[in-house]
Amino acid sequence: MAEADDASTTHAHRYGAALANVIERRWQDRWDAEGAFEAPNPTGLLHERWDERGADRPKLFVMDMFPYPSGSGLHVGHPLGYIGTDVFSRYKRMTGYNVLHTLGYDAFGLPAEEYARQTGTHPRTTTEANIANMRRQLRALGLGHDPRRSIATTDPQYYRWTQWIFLQLFGAWYDDEADAARPIAELEAAYAAGDRTPTHPDTGDEVAWDSLSRVEQRRVVDAQRLAYLDEAPVNWCPALGTVLANEEVTAEGRSERGNHPVFRRPLKQWMLRITAYAERLLADLDLIDWTDAIKTMQRNWIGRSEGARITFPVEGSAGIEVFTTRPDTIFGATYMVLAPEHPLVDELMADAWPEGTDDRWTGGAATPAEAVAAYRLAASQKSDLDRQAETKDKTGVFTGAFATVPTTGDRIPVFIADYVLMGYGTGAIMAVPGQDQRDWDFAVAYGLDIVRTVQPTEGFDGEAFTGDGPAINSGFLDGLDVDDAKRRIIDWLQDEGHGEGTVTYKLRDWLFSRQRYWGEPFPIVYDEHDLPIAVPDDALPVLLPEIDDWAPRELAEDADPEPPLGRASEWVGVDLDLGDGTRTYRRELNTMPQWAGSCWYYLRYLDPTNEDRMVDPGVEAYWMGSDAHTGGVDLYVGGVEHAVLHLLYARFWHKVLFDLGHVTTPEPFQRLYNQGYIQAAAYTDERGIYVPAEEVVEDDGSFSFEGKPVSREFGKMGKSLKNSVTPDEMYDAYGADTLRLYEMSMGPLDRDRPWETRAIIGSHKLLQRIWRTVIDEDSGEARVSDDAADDETRRVLHRTIDGVRGDMDGLRFNTAIAKLTELNNHLTKAYAEAPTPREVAEPLALMLAPLAPHTAEELWARLGHDSSLTYEAFPEADASLLVEDLVELPVQVNGKVRGRVAVAADADEATIVAAALADEAVARHLDGAEPRKTIVVPGRMVNLVV
RNA sequence: GUCGGAGUGGCGGAAUUGGCAGACGCGCUAGAUUAAGGAUCUAGUGCCCGCGAGGGCGUGGGGGUUCAAGUCCCCCCUCCGACACCA
């Protein structure tokens, strides 16, 4: 395509792809050579040029969600956000900020490993090659990054500190009284001093600290760490050979990556105690400048509900504890349900069916034990998809046991049913069919009593009633509305010792181990008692051993996980001296999940080469500090797909580091901005198979591929839809500046937008026309004069400056480009024959610089400047030129525009009305009538009402 | 089902606070230039009626508030996204 650009045969210096490519390479090399985008730190390493670029400037920390170095390289959808942050950063540099902007690589984890597995290469090899390719593609875009600060999470000098942070979590516990994490040593000291009384790890009884053995003491303490080992039901994916976090499992019960089946089973795993932070993660959303959409998603994920815990006595057991948000409905509880896997089931199950047990309750089994076993088996074999489809069909079996309603003394049957989940609340409910639809459905299916305890509103003809109304059939609660009844019953339960008001969260602790090779090894070893011990800081990093046989093996469903690190036979055992002589320890063989490295990379950008600390405190305080807000990264741009996982995990780690004094702000990201996605047309043939989008031909609204009709849809750009367009193609055809300009002009940054290759020409043409405004196409020399611009041009210029500044600050790059286009269109007309005045040409080049930096630099240089415009001041509008002395006002008659009049901008109302009445078209529409009312909005419009 | 977000010309979009709807661009039409081509230049382009002057309609649909509504209020429809038996 580039060779078709032979415009140069007529104009040797016309702007086109060939010229753009030359210019772009030249400026990229020069920026590198000059370290143009290196942001100085106030102290420590990376301090050089502080006086020049840092000292007198406010700081600005701009960040993108860093990419996985995927094997297929970039398509034009990927860099949308990167271009946006680059435009903003360049603009801010020109308005006097010390801007930190760089980009690292999130290179550990399943995607990299799966890619390596497919290509049969070691993940380190493929990862490094992919990073190199991505760097090349991104460099060609002219992104103004500080290359010294780019990190990869797979660098040992990076993951050394990921491991160090894990040890901070391992070495800390959550002090509920202080509402903060504290070093675990302080907990041990409190036990030793008798300030706190431990409970025995096996019996749960309060005991004296000194009466516990050293191993028992360790177990007491270990159970309270923010990073702890737990035997918990996990998502086991045999095909991937690893366990997965809840978030990595789809609603269909399959792995998000690879779509393999996932099974629930108990395994001993590392967990991070994010639940301790639930309340703060929720409350501190109020401190930060994120969209309501993302905040809502985080709130829903944390899932706070207020209610009560109530214990229902059961003969021969401690009773069943339930959580309910509607304690006021307790008088309507007609049965109870435990989750099938609830530990209490076996304990309270009856030996035989009680006299007169309803046939529907037994599941056809001879004894409760048989019924429970059969139901559990069936439940475990059901996929989550089946469960979903059966949402309405409630199933369960009776345990043969009865519980007592504390308020009435009534005996009610206890069931197990899979509509009650072990993982939420206490895994047990009191069922109130009158006020809960699920309970209603179950009660109808099993012939259980339904008692309304809230008077439904007049005309209510549904089943369970969940609205507000006076309590009925509820003894001492009768007549109270829901809120009052809740308060009253909670007081009663507390007074009588049956329960208490409480808060429950959906948020679960974070399952943090994976049976994978390509991840951060845990800095943990085990002693002869199988107790976990931290590897000392000075022995970090624990290097990922180089092994050839790293690939996970596909395993049978009932097999135990086999961490690949177990195959590094030289590595699994290690000799350490932890203060009591050198002994041999066994290493932790799991690795950390994908998310670990991305939880804190913004901190390492600040001080990437520091070998003594994660980040120098002075450097951290400078870049993360803020006078106006709670501090943190000033602008963080990325996709919504990280609304919960990454952003919640990162906030959690940050708060731990904050509690332990390693960072100075309670939140990591002050302002979050979600960029939209670039979508593209994709085409399917009659079999529904995707065909290559670039080979589809359009004919008058219908589409065909190889002569056969295909149907069109829009979707995310990518390999699977066969609709990728690569930046490299665009560089060749138009140059990087055109691509940048086009992506920024397509619409607001936060909206999805369809890619249309044929529309990119408009952006190319804009650069070509701006070039022609400043440069003579035949000689390549600037075609500018030092004569003053005419008044009109000067006004247009200053209005443009004013508008563009506002748009840049508000990330409205699309309208900034429109305003620059208008300015240039004006200049094309006003100075078609004469050279462009320098007083307009120079601001035009400077305003173009953030958007199309290579072209702008070249114009700037040809206008006679020796140095890069990176730190040149962005033009400022002269306020006196923004007000017009003569304005044209539309005149409405009864709200419809009927004419316009030109009046002095400061004309008074009477003058304006007189001018309006004098207008011929207005007079015609008034038809001799006297306006009943006149509205004059100064500088805006006139409305005459008849 | 619940919670979010969005619906404006053929297309992408603009309209900062209720004040000229459609900026800017793509596409399209006509003309200029060219041997030809267009990634060149100029002009036009919301829809309908009209030769024209001009008029009517118009921001998903219906109602309302207002001198004035894309913008505010009520009801409804459609699309996208997230969560989904959360007690």
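We name chains A, B, ... by the order of the sequence lines, and we start the count at 1 in each one.
Judged as a side chain to side chain donor-acceptor pair (under 3.5 Å), not a single pair has a partner in residues 932-941 of chain A (not counting sequence neighbours). Within the structure, salt bridge (Lys or Arg N to Asp or Glu O under 4.0 Å) contacts touching residues 762-772 of chain A (residues at least two apart or in different chains) are A:Arg772-A:Glu777.
Tested against A:Ile429, the residues A:Tyr419, A:Phe415, A:Tyr424, A:Phe323 include a single side-chain contact (heavy atoms from CB on, under 4.5 Å) partner, A:Tyr419.
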Using a 4.0 Å heavy-atom cut-off to protein, can you give one letter per nucleotide of nucleotides 5-19 of chain B, 5' to 3': B if the base is in contact, S if only the sugar-phosphate is, - if neither? -------SSS----B
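As rounded to the nearest Å, B:rG13 and B:rC26 have P atoms that lie 16 Å from one another. Only the C1' atoms considered, B:rC24 is 15 Å distant from B:rG9, to the nearest whole Å. For the C1' atom pair drawn from B:rG22 and B:rC73, the interatomic distance equals 26 Å after rounding to whole Å. Rounded to a whole angstrom, the distance from the P atom of B:rG7 to that of B:rC57 is 25 Å. Using P as the reference atom, B:rG64 and B:rC28 are 44 Å apart when rounded to the nearest Å. Across the P atoms, B:rU71 and B:rG19 are found 11 Å apart, a figure rounded to whole Å.
Checked against the 6.0 Å centroid threshold, A:Tyr446 and A:Tyr335 do not count as a close aromatic pair.
Among the heavy atoms of the strands, none lies under 4.0 Å from A:Val322. A:Lys829 comes within 4.0 angstrom of sugar-phosphate atoms only, judged by non-hydrogen atoms across all strands, and of no base. As judged by a 4.0 angstrom heavy-atom cut-off over every strand, A:Lys506 is placed among the base-contacting residues. Residue A:Arg309 is out of contact with every strand shown, counting any heavy-atom pair closer than 4.0 Å. Using a 4.0 Å heavy-atom criterion, one finds that A:Arg304 contacts no nucleic acid atom at all. Looking at heavy-atom distances under 4.0 Å, A:Ala818 makes contact with a base.
Base pairing of B:rU2 is made with B:rA82, judged by Watson-Crick or G-U wobble geometry with both donor-acceptor distances under 3.5 Å.
Between A:His925 and B:rG55, a side-chain N or O to OP1/OP2 separation shorter than 4.0 Å is present. Regarding contacts with the backbone of B:rC67, every side-chain N or O of A:Lys896 stays at 4.0 angstrom or more from both OP1 and OP2.
Using a 4.0 Å cut-off between charged nitrogen and carboxylate oxygen, A:Asp802 and A:Arg795 do not count as a salt-bridge pair. The pair A:Glu279-A:Arg304 meets the salt-bridge criterion, since a charged nitrogen lies less than 4.0 angstrom from a carboxylate oxygen. For the pair A:Asp776 and A:Arg783, the salt-bridge criterion is not met [side-chain N within less than 4.0 Å of a carboxylate O].
Distances from the side chain of A:Asp418 to the nucleotides B:rC85, B:rC24, B:rU40 place B:rC85 closest. For A:Ser305, counting side-chain heavy atoms from C-beta on, the closest listed nucleotide (B:rA87, B:rC67, B:rC3) is B:rA87. Checking B:rA82, B:rU40, B:rC24 against the side-chain heavy atoms of A:Met297 singles out B:rA82 as nearest. Considering only the side chain of A:Glu822, B:rA23 comes nearest among B:rA23, B:rG56, B:rC67. Side-chain proximity of A:Thr325 to the nucleotides B:rC85, B:rA87, B:rA39 is greatest for B:rA87.
Between the side chain of A:Arg932 and the base of B:rC67, no donor-acceptor pair under 3.5 Å is found. In this model, a side-chain donor or acceptor of A:Lys394 finds a partner on the base of B:rC85 within 3.5 Å.
Between the side chains of A:Gln435 and A:Thr466, no donor-acceptor pair of N or O atoms lies under 3.5 Å.
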